[in-house]
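Computed from a predicted model, the values in this text were never measured in an experiment. Just so we're on the same page: letters track the sequence lines, and every chain starts at 1.
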Amino acid sequence: MYTQGLDSLGKDCLPTPSAATAALSTHFESRIERDEKIEPKDWMPDAYRQTLVRQISQHAHSEIVGMLPEGNWISRAPTLRRKAVLIAKVQDEGGHGMYLYSAAETLGVARDELVEQLLAGAAKYSSIFNYPTLTWADIGAIGWLVDGAAIMNQIPICRCSYGPYARAMVRICREESFHQRQGFEIMLTLARGSAAQRAMAQDALNRWWWPSVMMFGPSDADSKHTAQSMRWKIKRFTNDELRQHFIDVTAPQADFLQLKIPDPELCWDAKTLHYRFGEIDWNEFHRVVRGHGPCNRERLEARRSAHEEGRWVREAALAYADKQRPRAAAA
Amino acid sequence: MTTSPDWPLFEVFIRSRSGLEHKHVGSVHAVDARMALEHARDVYTRRLEGVSIWVVRSSAIAASDPLEADAFFEPARDKVYRHPTFYAIPEEVKNL
């Protein structure tokens, strides 16, 4: 479903190649310069590898944790069609997590290690999933806004310099488009429904708008890794560029729904040909990133208990395979 | 919190339709080949992206070393005569 803004929130990596690796490093930089893709066994600077491991694994974690707020509504979806669609969407999010863990593993890190970091609370994931899904309209708002923001973030990553990440992104973007459209369809149905349904849609927009706008991460002035990530062509646009683009395309969609975006300062600027928008509450952003959002604790608890409760299955499957192997060899 | 030993990694190759070759798409963890096929189906073909799947233990793949690529592929580098464009044929000669 999502990444971004995250890449600038982890630990610092310093790109300081030693003399011995200087030649390799120059060759690497020139490949990046020529827009060549870097593949798993190719030489790459440690900092490039670490940046990718951090970004791809945070992205994978986000997909997995992102299953929780939506999974919350599977049993209460209003129709069988909505339920089937929501199940398919949540399965996709799980699949996206798998594509991304698979891409991260090509960098020489074990999946177990990454999962361990998430469960220990040491890894970050997108802070948007620390907000609760209180009504059915939230499922519409997530598809429309959260997946919409995610697509905007992810399309440029399809051209990322690291091959496996770029290829995973192509696959993900193709699937996300269904997510966003089904979300908008839910919003449209509610917006054209009864007064109570319209109010429900408006309430969801009120709660999800600002967290969605924050999904693009800190402003460029505060994003310490953006410059390096752009030089390495991991990132193609800055957080603020993507955020502006998101607002520009989403505001007219809200107009179509006849819903009001909860920003009194939002207005079209005919001079810049962009929407102007109000100040983002960065305190809230940092609070949620640091673990103090409405659902941070609940999300991690859910992942931990799923992991623990699945332990016997993982162990039994392994034991069964170990037992079958000599039999198969003997047959 | 401790983790149980990781399930082995399998590389996944998918034939998108008959007439095309299998192509590498990613990897899955599984205890054996049969489970790897099922996981590959669930992860990589939710929208009928394939008609056939191969899985192989990642540890069973031998790969050439990119750092040695220049030397490794060198034998083909100076043999331009292997390409049809190497040969000059007069314009008026047809069907060649």
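The backbone N or O of B:Val25 lies less than 3.5 Å from no partner atom in the side chain of A:Tyr99, so there is not a single donor-acceptor pair. Using a distance-only test at 3.5 Å, with no hydrogens or angles considered, no donor-acceptor pair links the side chain of A:Trp43 to the main chain of B:Leu67.
The parts of A:Asp92 that come within reach of chain B are both its backbone and its side chain, each placing non-hydrogen atoms under 4.5 angstrom from that chain. Residue contact with chain A, scored on non-hydrogen atoms closer than 4.5 Å, involves the side chain of B:Arg47 exclusively.
In the displayed structure, A:Arg34 atom CZ is contacted under 6.0 Å by more than 12 heavy atoms of other residues, nucleotides or ligands. Environment of CG in A:Leu80: sparse, with no more than 12 heavy atoms of neighbouring residues, nucleotides or ligands closer than 6.0 Å. Counting heavy atoms of neighbouring residues, nucleotides and ligands inside a 6.0 Å radius, atom CD of A:Glu33 does not exceed 12 of them. Counting non-hydrogen atoms of other residues, nucleotides and ligands closer than 6.0 Å to CZ of A:Arg181 gives a total of 12 or fewer. Counted within 6.0 Å of NZ on A:Lys323, heavy atoms from surrounding residues, nucleotides or ligands total 12 or fewer; the atom is thus considered open.
Rounding to the nearest 0.5 Å places NE2 of B:His29 at 12.0 Å from CZ of A:Arg314.
For B:Ala69, the side-chain contact (heavy atoms from CB on, under 4.5 Å) partners are B:Phe73, not counting sequence neighbours.
Interface remark: of the candidates A:Arg174, A:Glu105, A:Arg167, A:Glu105 forms the most heavy-atom pairs closer than 4.5 Å to chain B. Comparing A:His27, A:Glu175, A:Gln91 by heavy-atom pairs within less than 4.5 Å of chain B, the highest count is held by A:Glu175. Of the listed residues (A:Glu39, A:Met98, A:Arg111), the greatest number of heavy-atom pairs within a distance under 4.5 Å of chain B belongs to A:Arg111.
B:Met35 approaches A:Ala317 most closely through the heavy-atom pair CE-CB, 3.8 Å. Summarising the geometry of A:Lys41 relative to B:Ala63, their closest heavy-atom pair is CE-CB, 3.8 Å, with the distance given to 0.1 Å. The shortest non-hydrogen separation linking A:Leu318 to B:Pro8 is CD1-CD, 4.4 Å.
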